[in-house]
Asker: 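One structure follows; several queries about it will come next.
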Amino acid sequence: MKSLPQLKIYNTLTRKKEVFTPLEAGKVKMYVCGITVYDLCHLGHARVMVAFDMITRYLRTRGYEVNYVRNITDIDDKILKRADENNETIGELTERMIKAMHEDEAKLGVLRPDSEPRATAYITEIINLIQTLEEKGYAYAASNGDVYYRVRKFENYGQLTNRNLDEMQAGSRVEVDSFKEDPLDFVLWKAAKPTEASWPSPWGDGRPGWHIECSAMSTCCLGNTFDIHGGGPDLPFPHHENEIAQSEAATGQKYVNTWMHAGAVRVDQEKMSKSLGNFFTIRDVLEKYDAEVIRYLLLASHYRSAINYAESALQDARKNLERFYTALQNIKPVENADLVASAGEWRSQFFSAMDDDFNTPEAFAVLFDLARSLNRAGLQDDQPLTEALAFELRDLGGIMGMLQQDADDFLKGKALTRQQSINPDVIETLIEKRLLAKQDRNFAEADRIREELESQGILLKDTKDGTSWTKAS
RNA sequence: GGCUGGAUGGCAGAGUGGUCAUGCAGCGGAUUGCAAAUCCGUCAACGCCGGUUCGAUUCCGACUCCAGCCUCCA
């Protein structure tokens with residue numbers, strides 16, 4: 001890519017879109033908060049995974065060398081509890097869930113991050129970080145064995161989410177823990193009960209608090225200061241606020257330049273979340289819809305806006321994708337940039353949409369426009385242009401991790417036919433029978449066969465090249 | 001109560017100080033033995049009240065409503 005306009009990214013810290021300038025020209029260091037692996041991933045997790053996958057892909061397309069780090073929290077209270085309930089070790093539980101997460105991601109077309117550090121592999125670094133904080137007076141060991149962060153000592157506390165410490169305290173619903181110096185202090189190291197998994201430390205056996213692991217892993221993997229830190233909508237407070245406090249207190253340097261947060265997935269206007277119990281796992285949805293339909297649904301709205309999950313939204317997403325794949329069906333894509341360039345300006349429009357804080361809905365609008373031109377070229381029997389536009393459509397779609405399937409497979413609903421009893425061979429046989437009927441001008445019989453298949457969800461299309469079929473939506 | 005976002009046509013969803021978002025759905029036409037797909041055309045919107053402006057859906061202020069965070073949550 002040669003000199004493009006500037007890439008702008010919305011920064012939660014400044015609440016503005018800003019021109020993105022990495023610390024080191026051409027390189028992007030990005031850390032995203034991953035998940036706590038005690039259960040299957042739901043669509044809220046999928047949103048974050050897909051959003052930052054799209055962002056990484058686009059940054060790379062734009063020529064940046066991206067180092068994408070996303071952690072795995074494999075030790076925490078909920079993991080202990082769940083492992084105990086399941087009567088398995090925490091290692092067994094977390095391995096199982098990590099494997100499931102990787103399978104789900106792969107289906108959604110999410111590329112693996114460059115590294116996925118696990119909290120339990122960074123205990124030494126975490127302890128070192130806490131020691132540094134203790135030496136600088138930002139951490140203290142309490143009489144119960146826990147180590148806490150002294151929030152009031154960090155002057156800029158609250159910068160990310162605009163919090164005022166005194167007002168927070170006034171409205172605080174947090175129970176006052178008598179071991180803390182101040183109710184706002186949060187735990188860095190948690191003393192273990194005798195039977196709990198634990199690691200030795202200068203403060204006794206225990207485990208890391210939630211926030212400290214991200215400070216340790218991000219700075220270990222990317223340096224004291226890095227370009228982008230991302231996560232879900234529920235993380236700015238307290239998690240990211242606490243990360244800033246820990247990291248900047250320890251290093252004395254700015255922690256992160258650009259903070260990015262994905263929007264929520266809602267169900268009936270309420271946030272999808274584990275605590276509300278209104279979540280759908282990625283697996284639930286994959287039972288009924290192709291993974292790319294989910295990916296499209298997630299990318300058809302801007303990554304920062306809330307989206308409402310509903311059956312009808314998935315159906316709409318599938319219809320929209322069908323339009324793309326219908327345009328691509330039975331066409332061999334052939335690269336021909338000159339021919340494409342002489343016909344339209346889709347590529348530059350696509351890039352300017354994406355340059356504007358990754359505006360995928362607008363990018364899709366460009367692709368729909370491209371699809372229309374492709375269909376038009378087909379009507380005019382302009383084969384070279386048709387093939388070139390098909391290539392362009394797939395190529396631009398690929399930047400978002402979309403439109404890479406075989407069109408015929410998608411339209412025949414390969415992911416749906418699992419539940420269908422009808423066999424493709426049977427369909428082909430009926431199509432042949434119908435062809436013979438048509439040749440005899442026995443249209444009544446031809447229509448009967450069409451209707452028979454239609455009642456089983458199969459749609460026939462007669463074209464000049466013969467009859468093909470798709471799965472009705 | 002504090003702090004963030006948001007309110008766009010039947011639905012979803014971008015965007016803009018003054019002619020087009022886009023997709024689905026609808027309507028009319030082309031095409032088709034029929035149908036589907038496709039193409040052409042078409043309908044239709046900017047929560048409410050003020051202000052700035054020649055002109056505001058877009059900027060500013062008030063209001064109403066919705067959501068998120070303030071407690072583990074992506």
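Worth saying up front: this structure is predicted, and the values here are computed from it rather than measured. In the text below, chain A, chain B and the rest are named by the order of the sequence lines, each starting its count at 1.
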Asker: Parallel, tilted or perpendicular, judged at 30° and 60°: which one describes the rings of Trp259(A) and His240(A)?
Answerer: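 Tilted: the ring planes of Trp259(A) and His240(A) meet at 30° to 60°.
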Asker: In residues 41-53 of chain A, which ones come under 4.0 Å of RNA chain B, going by heavy atoms?
Answerer: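 His42(A), Gly44(A), His45(A), Val48(A), in order of number.
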Asker: Please check: side-chain N/O of Ser352(A) versus main-chain N/O of Gln349(A), any donor-acceptor pairing under 3.5 Å?
Answerer: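 Flag set: sc Ser352(A) to bb Gln349(A) pair under 3.5 Å.
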Asker: Within the 4.0 Å limit for protein heavy atoms, which parts of nucleotides 6-14 of chain B are touched? Write it as a string from 5' to 3', B for base, S for sugar-phosphate only, - for none.
Answerer: -------SS
Asker: Does Gly231(A) or Pro236(A) map to a spot on RNA chain B nearer the 5' end, using the closest nucleotide for each?
Answerer: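 On the 5' side of the pair lies Pro236(A).
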Asker: Which dot-bracket string fits RNA chain B when only Watson-Crick or G-U wobble pairs with both atom distances under 3.5 Å count, crossing pairs get [ ], and | stands for a partner on a different strand?
Answerer: (((((((..(((.....[...))).(((((.......)))))....(.(((..]....))).))))))))....
Asker: Could you give the side-chain donor-acceptor pairs of residues 303-313 of chain A under 3.5 Å, partners two or more places apart or in another chain?
Answerer:
residue: Tyr303(A); atom: OH; partner: Asp357(A); partner atom: OD1; Å: 2.7
residue: Arg304(A); atom: NE; partner: Asp357(A); partner atom: OD2; Å: 2.9
residue: Arg304(A); atom: NH2; partner: Asp357(A); partner atom: OD2; Å: 2.7
residue: Ser305(A); atom: OG; partner: His302(A); partner atom: O; Å: 3.0
residue: Glu311(A); atom: OE2; partner: Lys288(A); partner atom: NZ; Å: 3.1
residue: Glu311(A); atom: OE2; partner: Tyr289(A); partner atom: OH; Å: 2.7

Asker: Below 3.5 Å between N/O atoms, which protein atoms pair up with nucleotides 35-39 of chain B? Just atom names and distances, please.
Answerer:
residue: A35(B); atom: N6; partner: Asp462(A); partner atom: O; Å: 3.3
residue: A35(B); atom: N1; partner: Asp462(A); partner atom: N; Å: 2.9
residue: A35(B); atom: N3; partner: Arg450(A); partner atom: NH1; Å: 3.0
residue: A35(B); atom: N3; partner: Arg450(A); partner atom: NH2; Å: 3.1
residue: U38(B); atom: OP1; partner: Arg323(A); partner atom: NH1; Å: 3.2
residue: U38(B); atom: O3'; partner: Asn375(A); partner atom: ND2; Å: 3.0
residue: C39(B); atom: OP1; partner: Arg323(A); partner atom: NH2; Å: 3.2
residue: C39(B); atom: OP1; partner: Asn375(A); partner atom: ND2; Å: 3.2
residue: C39(B); atom: OP2; partner: Arg323(A); partner atom: NH1; Å: 3.4

Asker: Could you go through the side chain to side chain contact (heavy atoms under 4.5 Å, CB included) check for Thr94(A) and Met97(A) one step at a time?
Answerer: CA-CA 5 Å; Thr94(A) 57; Met97(A) 291 307 162; 5.8 Å; no
Asker: Under 3.5 Å, side chain of Arg112(A) to main-chain N/O of His102(A), donor-acceptor pair present?
Answerer: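 The answer is no, because no donor-acceptor pair under 3.5 Å joins these two groups.
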Asker: Is there a side-chain contact between Ile55(A) and Tyr68(A) in this structure, where contact means two heavy atoms from C-beta onward sitting under 4.5 Å apart?
Answerer: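 The answer is no; the side chains never approach within 4.5 Å.
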Asker: So do the side chains of His42(A) and Phe280(A) get within less than 4.5 Å of each other, counting heavy atoms only?
Answerer: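 His42(A) does not reach Phe280(A) side chain to side chain.
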Asker: Between the base of G2(B) and the side chain of Asn162(A), is there a donor-acceptor distance below 3.5 Å?
Answerer: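 Between G2(B) and Asn162(A), which were checked side chain against base, a qualifying N/O pair under 3.5 Å is absent.
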Asker: Looking at the base of C3(B), is there any donor atom on it, or on the side chain of Thr161(A), that sits under 3.5 Å from an acceptor on the other one?
Answerer: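 Checked by distance alone, the answer is no.
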Asker: With rounding to the nearest 0.5 Å, note down the distance linking OG1 in Thr258(A) to CD1 in Ile228(A).
Answerer: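 Interatomic distance, Thr258(A) OG1 to Ile228(A) CD1, rounded to 0.5 Å: 6.0 Å.
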Asker: Polar atoms only, N or O, under 3.5 Å: list the protein pairs with nucleotides 56-63 of chain B and their distances.
Answerer:
none

Asker: Start with the C-alpha gap between Glu85(A) and Arg82(A), add the side-chain angles, then the distance that decides, and say whether salt bridge (Lys or Arg N to Asp or Glu O under 4.0 Å) holds.
Answerer: CA-CA 5 Å; Glu85(A) 285 165 5; Arg82(A) 182 62 62 87; 3.6 Å; yes
Asker: Can you tell me which residue among Asn442(A), Asp462(A), Thr429(A) is in a side-chain hydrogen bond (donor to acceptor under 3.5 Å, both in side chains) with Arg434(A)?
Answerer: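 Of the listed options, the one satisfying the test is Asp462(A).
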Asker: With RNA chain B as reference, determine whether Gln269(A) or Ser273(A) sits nearer its 5' end, using the nearest nucleotide of each.
Answerer: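 Mapping each residue to its closest nucleotide by heavy atoms, the 5'-most match is Gln269(A).
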Asker: With no hydrogens and no angle check, do the side chains of Glu292(A) and Tyr325(A) hold a donor and an acceptor under 3.5 Å apart?
Answerer: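 Note: Glu292(A) and Tyr325(A) side chains meet the donor-acceptor criterion.
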